[in-house]
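Here is the structure we will look at.
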Amino acid sequence: MFSRVRSQQGLAAVGATLLGYAVMVLAGVLGLVVPYAVAAVVAVAGELALAGRHTGTATLLDKAGLGETFRRLVRDLSVALLVVATVRPGVAGTVAVLLLPAALWTLAVATNAVTKVIDGRVDPPAYTRNIDLGALRRVPVPPAWARQLAGLRMPLLNVLLVPAAVVAAALDRVAPVVVTGLVTLAAGLVTAAVLALTALRGRGGAPGVLPAVHDWMARERPEVALYFAGPAKDVYQANMWLAPVEATGRRAVVLLRAADAFEQLADTRLPVICVPAGVDFMNLDLSSLRVALYAANVGANIHLLREPGVKHVFVGHGDSDKQASVNPYSKVYDEVWVAGPAGRERYARADVGVLDRDIVEVGRPQLAGVHTFGSGAADHRFTVLYAPTWEGWLDDDPYHTSLVLMGERIVSGLLAGDVRVIYKPHPLTGTRSPKARAVHERIVSRIKAAGGETDPSSLDGAAHLVVTGRTPGLFDCFNVTDLLVSDVSSVVSDFVQSERPYVVANPAGLPEDEFRRQFPTARAAYLLSADCGELTKILDVTRAGDDPMTGARRELKEYLLGPAGSNPMDRFRDEIGRLCG
């Protein structure tokens with residue numbers, strides 16, 4: 001249903017854009033200023049929608065020959081037509097309509113070409129970290145003035161178009177048009193010359209980045225790869241596996257596909273290679289790899305899955321009872337690694353084609369630093385961590401996160417309960433739902449008003465904290481937390497490692513037995529209904545230390561994370577060794 005609504009909205013945006021431009025041209029010919037202005041507003045609204053949430057539909061317009069460049073040209077011609085029709089129709093006006101936009105577009109095309117060269121030559125085809133690539137060819141950069149010229153875009157050039165057309169029409173002279181055209185044509189020729197010289201200067205000499213990456217792969221022959229093809233906003237999914245992969249002691253490499261994710265990747269001693277283009281990545285020699293670990297299910301995984309000599313393993317980014325943890329896509333991998341028996345049973349219940357023999361329980365090696373006891377400091381104040389999940393991919397699921405329906409009540413109740421509050425939302429909170437973003441902002445304001453600090457460098461000091469950056473991390477927050485309030489998410493599974501009490505929100509109001517049956521991670525949780533009426537009692541019980549759920553949490557810990565006493569890092573290392581042979 002959601003995808004159908006999105007499709008209808010995309011078609012509406014296309015219709016508004018094309019209809020707006022058609023009316024602009026007609027109104028320009030007839031000199032109708034008011035209809036032109038209304039049509040321009042409609043067209044701009046359509047353009048904004050296409051640039052925002054309907055970029056896929058905009059791509060279809062490009063393929064149909066109605067892309068952004070064509071639409072700009074129509075817009076520019078309509079401006080000139082309106083000026084001519086309203087100021088003074090005549091020969092000069094007609095010439096202005098034909099020559100001036102053509103001259104300006106010559107400049108626009110030239111500057112776009114320079115931009116493409118700058119992007120293609122200054123931005124390398126690969127990025128690396130912790131790798132010695134030896135001597136590389138220095139890519140020449142066009143001079144500053146050329147880079148500024150390359151930054152020119154319509155409608156900035158339209159600033160020249162309108163006054164020139166007005167002058168030409170008012171004076172009934174072709175000269176202003178000819179002069180403007182010659183100037184812009186000359187500018188286009190100059191930028192083309194700079195483009196050619198820049199290209200020639202970049203030839204010869206030492207090898208470029210990609211050949212050097214090929215040489216490094218052939219020399220070092222990594223056997224384990226952590227592969228991540230998502231964008232920067234999702235890079236936390238890869239970050240959680242950096243330390244475990246590093247601790248295996250194997251020759252390993254991190255393979256990324258997005259430049260922004262490369263910039264946001266956490267600090268690591270592992271060698272990192274980012275190759276954005278699919279063709280460039282598939283031309284890498286990956287014959288030394290024995291194991292590839294995938295942190296997320298994305299389409300670009302296919303560029304590595306095609307390697308037949310590699311064991312492909314889905315490790316995900318946390319076990320939870322959400323549907324995403326049993327994605328049917330997972331059956332494309334050779335093995336699926338889960339934390340404990342809960343993960344194995346989850347796939348069996350979902351029946352999505354992942355065979356039981358292909359599931360391996362390895363624990364959660366990331367949790368080695370999570371303490372199974374509270375703070376022993378004498379001045380420790382009872383601390384509650386509110387860590388809601390994000391709104392999910394479907395905007396029509398109001399119960400995916402507690403944030404929208406319950407978040408403000410939860411935080412208000414905690415602040416009124418004389419406890420220290422740490423608020424750490426999901427990294428993607430507010431990226432899909434404006435309502436979630438608005439609630440998040442109100443919660444941040446409320447915590448700040450109560451003496452809280454936003455984006456702290458440490459967890460010490462302030463009365464309350466809002467933690468939205470990469471550091472302090474989630475597990476750092478766990479170690480100063482006495483009680484967790486969260487949703488059905490991997491945060492709950494990981495927190496069970498601490499054996500401390502936790503609360504799971506039940507915004508849909510499911511009966512308690514049914515909720516625990518559907519979401520096994522809540523078996524040892526206190527449940528919180530939409531009105532948060534249970535919150536005060538939960539705080540009283542857990543603060544007093546009279547916690548009846550202690551035994552249930554220890555039992556659940558083995559079910560979610562594996563047998564007590566086993567070292568998940570050792571299990572992870574052993575399984576990597578098995579696949580490496």
Side-chain angles (χ1 to χ4, degrees), residues 236 239-240 243-244 317-321 338-343 361-377 380-389 402 410 414 419-426 458-460 465 467 471-505 516 519-528 535 538-539 541-572:
Y236 69 93
N239 286 340
M240 68 174 61
H317 47 275
D319 281 21
S320 80
D321 293 325
V338 298
E361 298 174 27
V362 297
R364 284 281 281 161
Q366 295 90 343
L367 301 180
V370 175
H371 304 157
T372 56
F373 49 84
S375 172
H380 175 72
R381 185 182 177 193
F382 193 86
T383 300
V384 181
L385 170 64
Y386 178 42
T389 192
S402 63
I410 290 172
L414 294 176
V419 299
R420 188 185 191 216
V421 178
I422 299 177
Y423 169 56
K424 185 170 177 57
H426 191 282
S458 73
L459 296 172
D460 302 322
L465 297 173
V467 181
T471 56
L474 178 63
F475 299 156
D476 298 319
C477 295
F478 283 178
N479 285 334
V480 298
T481 294
D482 299 292
L483 175 69
L484 168 72
V485 180
S486 190
D487 300 317
V488 174
S489 74
S490 61
V491 170
V492 168
S493 304
D494 288 345
F495 189 76
V496 169
Q497 169 73 15
S498 72
E499 299 183 11
R500 278 170 260 150
Y502 66 102
V503 179
V504 176
R516 296 186 194 277
F519 309 115
T521 52
R523 288 180 186 175
Y526 295 95
L527 300 187
L528 191 64
L535 187 58
I538 293 171
L539 289 176
V541 170
T542 53
R543 260 192 301 199
D546 185 17
D547 180 8
M549 306 293 283
T550 301
R553 285 196 301 274
R554 288 173 180 163
E555 180 181 341
L556 182 64
K557 180 177 177 179
E558 293 197 25
Y559 177 64
L560 294 178
L561 303 175
S566 65
N567 187 324
M569 189 59 237
D570 289 341
R571 295 165 67 189
F572 181 73

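Below, each value reflects all heavy atoms present in this structure, side chains not excepted, and no hydrogens, waters or symmetry copies.
- Listed here is the closest heavy atom pair of Pro244 and Met240: CD-O, 3.6 Å.
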- For side chain to side chain contact (heavy atoms under 4.5 Å, CB included), just list the numbers for Gln497 and Gln366, CA-CA rounded to whole Å, side-chain angles, deciding distance to a tenth of an Å, and then say yes or no. CA-CA 11 Å; Gln497 169 73 15; Gln366 295 90 343; over 6 Å; no

- Task: Given side chain to side chain contact (heavy atoms under 4.5 Å, CB included), test Val492 with Asp321 step by step and report yes or no.
- Result: CA-CA 10 Å; Val492 168; Asp321 293 325; over 6 Å; no

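- Asp319 and Gly343 get closest at one heavy-atom pair: OD2-CA, 4.2 Å.
- Val491 pairs with exactly one of Leu484, Thr389, Thr521 by the side chain to side chain contact (heavy atoms under 4.5 Å, CB included) rule, that one being Leu484.
- Under the side chain to side chain donor-acceptor pair (under 3.5 Å) criterion, Arg516 pairs with Glu512, not counting sequence neighbours.
- Looking at residues two or more places apart in sequence or on another chain, you find a ring pair (Phe, Tyr, Trp, His ring centres under 6.0 Å) between Phe572 and Trp241, Trp337.
- The main-chain N or O of Thr542 is never found under 3.5 Å from a side-chain atom of Asp547 such that the two would form a donor-acceptor pair.
- A distance of 12.0 Å separates OG1 of Thr372 from CZ of Arg553, quoted to the nearest 0.5 Å.
- Put simply, CD1 on Ile422 and CG on Leu414 are 11.5 Å apart, with the number rounded to the nearest 0.5 Å.
- We find the OG1-CZ distance between Thr481 and Arg500 to be 6.5 Å, quoted to the nearest 0.5 Å.
- Legend: residues meeting side chain to side chain donor-acceptor pair (under 3.5 Å) with Glu499, ordered by chain and number and at least two apart, are Arg554, Lys557.
- Once rounded to the nearest 0.5 Å, the distance linking CG of Leu367 with CG of Asp494 reads 4.5 Å.
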- Task: Would you check, one step at a time, whether the test side chain to side chain contact (heavy atoms under 4.5 Å, CB included) holds for Val504 with Phe519?
- Result: CA-CA 10 Å; Val504 176; Phe519 309 115; over 6 Å; no

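- For the ring pair (Phe, Tyr, Trp, His ring centres under 6.0 Å) test, residues two or more places apart in sequence or in another chain that qualify with Tyr236 are His426.
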- Intermediate values then yes/no, side chain to side chain contact (heavy atoms under 4.5 Å, CB included), Arg543 and Leu483: CA-CA 9 Å; Arg543 260 192 301 199; Leu483 175 69; over 6 Å; no

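- Rounding to the nearest 0.5 angstrom, the gap separating the CG atom in Leu539 from the OH atom in Tyr526 is 11.0 Å.
- Considering all non-hydrogen atoms of both residues, Pro472 and Lys424 come closest at O-NZ, 3.9 Å.
- A search for ring pair (Phe, Tyr, Trp, His ring centres under 6.0 Å) contacts involving Tyr386 returns Tyr423, not counting sequence neighbours.
- For Asn479 (side chain) and Asp476 (main-chain N/O), no donor-acceptor pair under 3.5 Å exists by modelled atom type.
- Tyr559 pairs by the ring pair (Phe, Tyr, Trp, His ring centres under 6.0 Å) definition with nothing, not counting sequence neighbours.
- One finds the CD atom of Glu555 at 13.0 Å from the OG1 atom of Thr550 (value rounded to the nearest 0.5 Å).
- Under the 3.5 Å distance criterion, the side-chain polar atoms of Asp487 are matched with a main-chain donor or acceptor of Ser402.
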